[in-house]
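Reading through the structure tokens given below for one structure.
These figures come from a predicted structure and were not determined experimentally. All values below come from the heavy atoms of this structure, side chains included, with hydrogens, waters and symmetry mates left out. In what follows, every chain begins at residue 1, and chains take the letters A, B, ... in the order their sequences are listed.
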Protein chains: 2
Amino acid sequence: MVTWMPRKPSYDRDALIDRARDVFWRQGWAGTSLKDLERELKLNPGSFYAAFGSKDALYALALQRYAQEGVARLTALAERLGAKGALQEQPRLVIEATGAPAKACMLAKTYAELQAKDHELAGQAGVHMAEMKACFADLFRRAQEAGEISPDHDPERLATRYQSDLLGLRLSAERSNVDARAVAADIAADIDRL
Amino acid sequence: MVTWMPRKPSYDRDALIDRARDVFWRQGWAGTSLKDLERELKLNPGSFYAAFGSKDALYALALQRYAQEGVARLTALAERLGAKGALQEQPRLVIEATGAPAKACMLAKTYAELQAKDHELAGQAGVHMAEMKACFADLFRRAQEAGEISPDHDPERLATRYQSDLLGLRLSAERSNVDARAVAADIAADIDRL
DNA sequence: TATATACTTGAGCGATCACTCAAGAAAGCA
DNA sequence: TGCTTTCTTGAGTGATCGCTCAAGTATATA
């Protein structure tokens, strides 16, 4: 048996997923056409479908990438600042990430856009959001164990409210004429009162 | 001069705008096709364009209707419960409105979907959101004047945070597996601490 | 009843949608 | 160098998009 390796793709599949995530994040699912992706990824239709199979398949990869990096960033933040510090810093970080294609959460945007259609991608976005919420709950739990916040509150409920606040903050941050930094500061201050 | 009035439309234009608002609210702008509207409004293409001019024009009317009714409901609530009572009841109301086509705010969904395209409808949604924020600020101001909450906080800042919280709440309420009523209760409880 | 006017109908417009596939180009192994 | 395999190219698929318009129908006035 002979193993042929006659040609490698000229593109970096991983980098393409990153770029696709940015386009989808900014423009949404219906708002992003194959033409947009071909232009942004510099891929002809044939190569695109050879690499990813379909627009939805690539969107799923982009969602997964987005969620993975979100968890990783939060975890790294907690290692640097501790559980409470991370929870307080996160609001500031998400609205000031200058390189990001949008302020609003891609998972939330996906869910809001596609849930009414019962689209599979909405379900996947929901799963990723639940993962994020579990991260938040874990941080609240660790902050309690570290004595940084009172043990009187249910970490799950704190996480639910915190995630809701972040979603609102990030949506608000999309608008001009809204002082998102004030909102972020207020959310962080709320944690001091726990 | 003779005035002819040979025939009236067979439809109730006002009711059609309501129905269109519900479809757009649920499915979004790109997610709603002319076919959807024709089926839902029972209008053939010709009648549709004679009545509304374009999909975007009808969407603008639907947005306007949505915002008007939102302000009216909040105003009525304040007359019944007072300023502070209205602010505390509103979170509960918006997530438990059983007849509504969606929990999330139509203005926010519109803004999130269309802002990246610099679509005019996103601008209009932003204007309506600013109007809503002004309502909130007014209620906070009146609650302060009535001695229901402390005068120490800036009503504008309170309104900004409150609107952000409501956006997050209503987005969260779209998801199953999220206890939106707990979040609504927490938001209402926050107002008691002012 | 005859007429003028507006509303209703639905086939069909060009553009764009996600996607396919046959042909040509490129690269590793003999 | 020649062969095999994969990648790249881009014209083209049927379906659907928002929208138009000519023809037909209904109705209030004269």
Side-chain angles (χ1 to χ4, degrees), chain A residues 1-17 19-21 23-24 26-63 110 113-114 116-122, chain B residues 1-17 19-21 23-24 26-63 110 113-114 116-122:
Chain A
M1 179 209 175
V2 184
T3 57
W4 289 94
M5 270 188 75
R7 203 176 166 189
K8 291 175 186 171
S10 68
Y11 51 79
D12 176 352
R13 193 169 186 276
D14 234 42
L16 291 188
I17 295 174
R19 284 232 285 275
R21 175 206 55 200
V23 182
F24 282 134
R26 193 176 340 110
Q27 305 185 351
W29 179 81
T32 305
S33 70
L34 257 292
K35 270 234 159 71
D36 290 333
L37 291 169
E38 288 161 23
R39 186 177 51 249
E40 199 73 27
L41 308 187
K42 275 146 191 154
L43 236 46
N44 292 49
S47 299
F48 179 93
Y49 283 91
F52 302 112
S54 73
K55 175 183 168 181
D56 283 4
L58 177 56
Y59 198 105
L61 289 173
L63 268 188
T110 302
E113 181 180 2
L114 298 177
K117 298 179 131 69
D118 272 320
H119 198 295
E120 194 193 339
L121 289 168
Chain B
M1 177 209 176
V2 184
T3 56
W4 289 95
M5 272 190 74
R7 203 176 166 188
K8 292 175 187 172
S10 69
Y11 51 80
D12 176 353
R13 193 170 185 274
D14 235 44
L16 291 188
I17 295 175
R19 284 232 286 275
R21 175 206 55 201
V23 181
F24 282 134
R26 193 177 338 110
Q27 305 185 356
W29 180 80
T32 304
S33 70
L34 255 292
K35 270 234 159 71
D36 291 333
L37 291 168
E38 289 163 21
R39 187 176 49 251
E40 199 74 27
L41 308 187
K42 275 146 192 154
L43 236 46
N44 290 28
S47 299
F48 179 93
Y49 282 92
F52 302 113
S54 73
K55 175 183 168 182
D56 283 3
L58 177 55
Y59 198 105
L61 289 173
L63 268 188
T110 301
E113 180 180 3
L114 298 177
K117 297 180 131 70
D118 272 321
H119 198 295
E120 194 193 340
L121 289 168

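- Among the nucleotides C:dC7, D:dG10, C:dC17, the one closest to any side-chain atom of B:Pro9 is C:dC7.
- The shortest distance between the side-chain N/O atoms of A:Tyr49 and the OP1/OP2 oxygens of C:dT20 is not below 4.0 Å.
- For the pair B:Leu16/B:Arg19, a side-chain contact is recorded, criterion being any heavy-atom separation below 4.5 Å from C-beta on.
- Side chain to side chain, B:Tyr59 and B:Thr110 meet the donor-acceptor criterion of an N or O pair below 3.5 Å.
- Candidate nucleotides C:dA11, C:dC19, D:dG18 were compared by shortest atom distance to the side chain of B:Pro45, and C:dA11 ranks first.
- As rounded to whole Å, 14 Å separates atom C1' of D:dC17 from atom CZ of B:Arg39.
- Within the 4.0 angstrom heavy-atom criterion, only backbone atoms of the sugar-phosphate kind lie near A:Tyr11; the bases stay farther away.
- Between B:Asn44 and C:dG10, a side-chain N or O to OP1/OP2 separation shorter than 4.0 Å is present.
- Proximity of A:Ser10 to the phosphate of D:dC7: no side-chain N or O atom is located under 4.0 Å from OP1 or OP2.
- A side-chain donor-acceptor contact under 3.5 Å links B:Lys55 to the backbone of B:Thr32.
- Regarding contacts with the backbone of C:dT8, a side-chain N or O of B:Ser47 is found under 4.0 angstrom from either OP1 or OP2.
- Protein atom CG of A:Asp36 is 7 Å distant from nucleotide atom P of C:dC17, rounded to whole Å.
- In this structure, CD of B:Glu38 is placed 9 Å from P of D:dG18, rounded to the nearest angstrom.
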>> Working note: A:Asp56 + A:His119, criterion side-chain contact (heavy atoms from CB on, under 4.5 Å); need CA distance, chi angles, decisive distance, verdict.
In response: CA-CA 10 Å; A:Asp56 283 4; A:His119 198 295; 3.2 Å; yes

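- Whole-Å rounding puts the A:Lys55 NZ to D:dA15 P distance at 19 Å.
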